[in-house]
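One-based numbering along the sequence shown. Note that the structure is a prediction, hence the values are computed from the model and not measured.
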Amino acid sequence: DVQLQASGGGSVQTGRFLTLSCTASGLIFNDHAIGWFRQAPGKEREAVSCIGVSDSATFYSDSARGRFTISSENAKNTVYLQMRFLKPDDTAVYYCAALPRKTGWLRRCFNKNGIDYWGKGTLVTVSS
């Protein structure tokens, strides 16, 4: 079974940093793309960032670009999301997700309906 284990959430103050981790098992890591999504209370789940593990191609939503950095440590089947200068609007449950890295993967990676595998979320709370 494919499992995605997200960790690293917590409560921080505005302007602080936090790094989330997503460790995958049960899949061929290099054949997949890993994405981070988030869902704030009362809002739709939205894509934050995505990485093609085999070549480290990275992509970001407008809200994440410039503040968040996604990276992978392939030897550990782990993807990280470093979040800097956090704001209260970043408060959400963050989910990692995986899909096969094949034609159309980027479009799918930024669409919650295009994801094959979801992990359980990790809560990030940013207070002002």
Closest heavy-atom contact between [X] and [Y]?
| X | Y | answer |
| --- | --- | --- |
| Ser21 | Thr78 | CB-CG2, 4.3 Å |
| Cys109 | Ala47 | O-CB, 4.3 Å |
| Phe110 | Ser49 | CZ-CA, 4.2 Å |
| Leu4 | Ala98 | CD1-N, 3.7 Å |
| Ser72 | Ser56 | OG-OG, 4.2 Å |

Less than 6.0 angstrom separating the ring centers of Phe68 and Trp36, yes or no?
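Here the rings of Trp36 and Phe68 have centres that are no less than 6.0 Å from each other.
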As an exercise, state the distance from [atom1] of [X] to [atom2] of [Y], rounded to the nearest 0.5 Å.
| X | Y | atom1 | atom2 | value |
| --- | --- | --- | --- | --- |
| Tyr117 | His32 | OH | NE2 | 5.0 Å |
| Phe59 | Arg107 | CZ | CZ | 13.0 Å |
| Ile115 | Leu99 | CD1 | CG | 5.0 Å |
| Arg84 | Leu18 | CZ | CG | 13.5 Å |
| Glu46 | Ser61 | CD | OG | 6.0 Å |
| Gln13 | Ser127 | CD | OG | 5.0 Å |

Does any non-hydrogen side-chain atom of [Y] lie less than 4.5 Å from one of [X]?
| X | Y | value |
| --- | --- | --- |
| Val79 | Ile70 | yes |
| Asp116 | Arg108 | yes |
| Cys50 | Trp105 | yes |
| Leu81 | Thr19 | no |
| Thr14 | Leu86 | no |
| Lys43 | Arg38 | no |
| Leu20 | Ser7 | no |
| Arg101 | Asp31 | no |

Within the distance-only criterion (no hydrogens, no angle test), does the side chain of Thr91 pair as donor or acceptor with the backbone N or O of Val126 below 3.5 angstrom?
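Checking the backbone N and O of Val126 against the side chain of Thr91, a donor-acceptor pair under 3.5 Å is found.
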For Thr122 and Gly9, indicate whether the former's side chain and the latter's backbone hold a donor-acceptor pair under 3.5 Å.
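Yes, because the side chain of Thr122 sits within donor-acceptor range (under 3.5 Å) of the backbone of Gly9.
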Report, as yes or no, whether the 6.0 Å neighbourhood of atom CD1 on Ile28 holds more than 12 heavy atoms from other residues, nucleotides or ligands.
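At most 12 heavy atoms, drawn from other residues, nucleotides or ligands, come within 6.0 Å of this atom.
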Please check if the number of heavy atoms outside Glu73 that lie under 6.0 Å from its CD is greater than 12.
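Atom CD in Glu73 is crowded, with more than 12 foreign heavy atoms closer than 6.0 Å.
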Cluster link Ile51 to Leu106, ILVMFWY, side chain under 4.5 Å:
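No, it is not one cluster - the side chains of Ile51 and Leu106 are not joined through contacts under 4.5 Å.
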Out of curiosity, does Tyr80 fall in the hydrophobic cluster containing Val48 (side-chain heavy atoms, cut-off under 4.5 Å, transitive links)?
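No, because Val48 and Tyr80 fall into different hydrophobic clusters, even though each may have its own neighbours under 4.5 Å.
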Presence of salt bridge, Lys112 and Glu44, under 4.0 angstrom:
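Answer for the salt bridge query: yes.
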Answer yes when Asp62 and Arg65 have at least one side-chain N-carboxylate O distance shorter than 4.0 Å, and no when they do not.
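Salt bridge flag = yes for Arg65 with Asp62.
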List the steps, then state whether side chain to side chain contact (heavy atoms under 4.5 Å, CB included) holds for Val124 with Met83.
CA-CA 10 Å; Val124 174; Met83 304 184 293; 3.9 Å; yes
Tyr95 six-ring centre to Arg45 NZ/CZ under 6.0 Å and within 45° of normal
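Arg45 over Tyr95 ring: yes.
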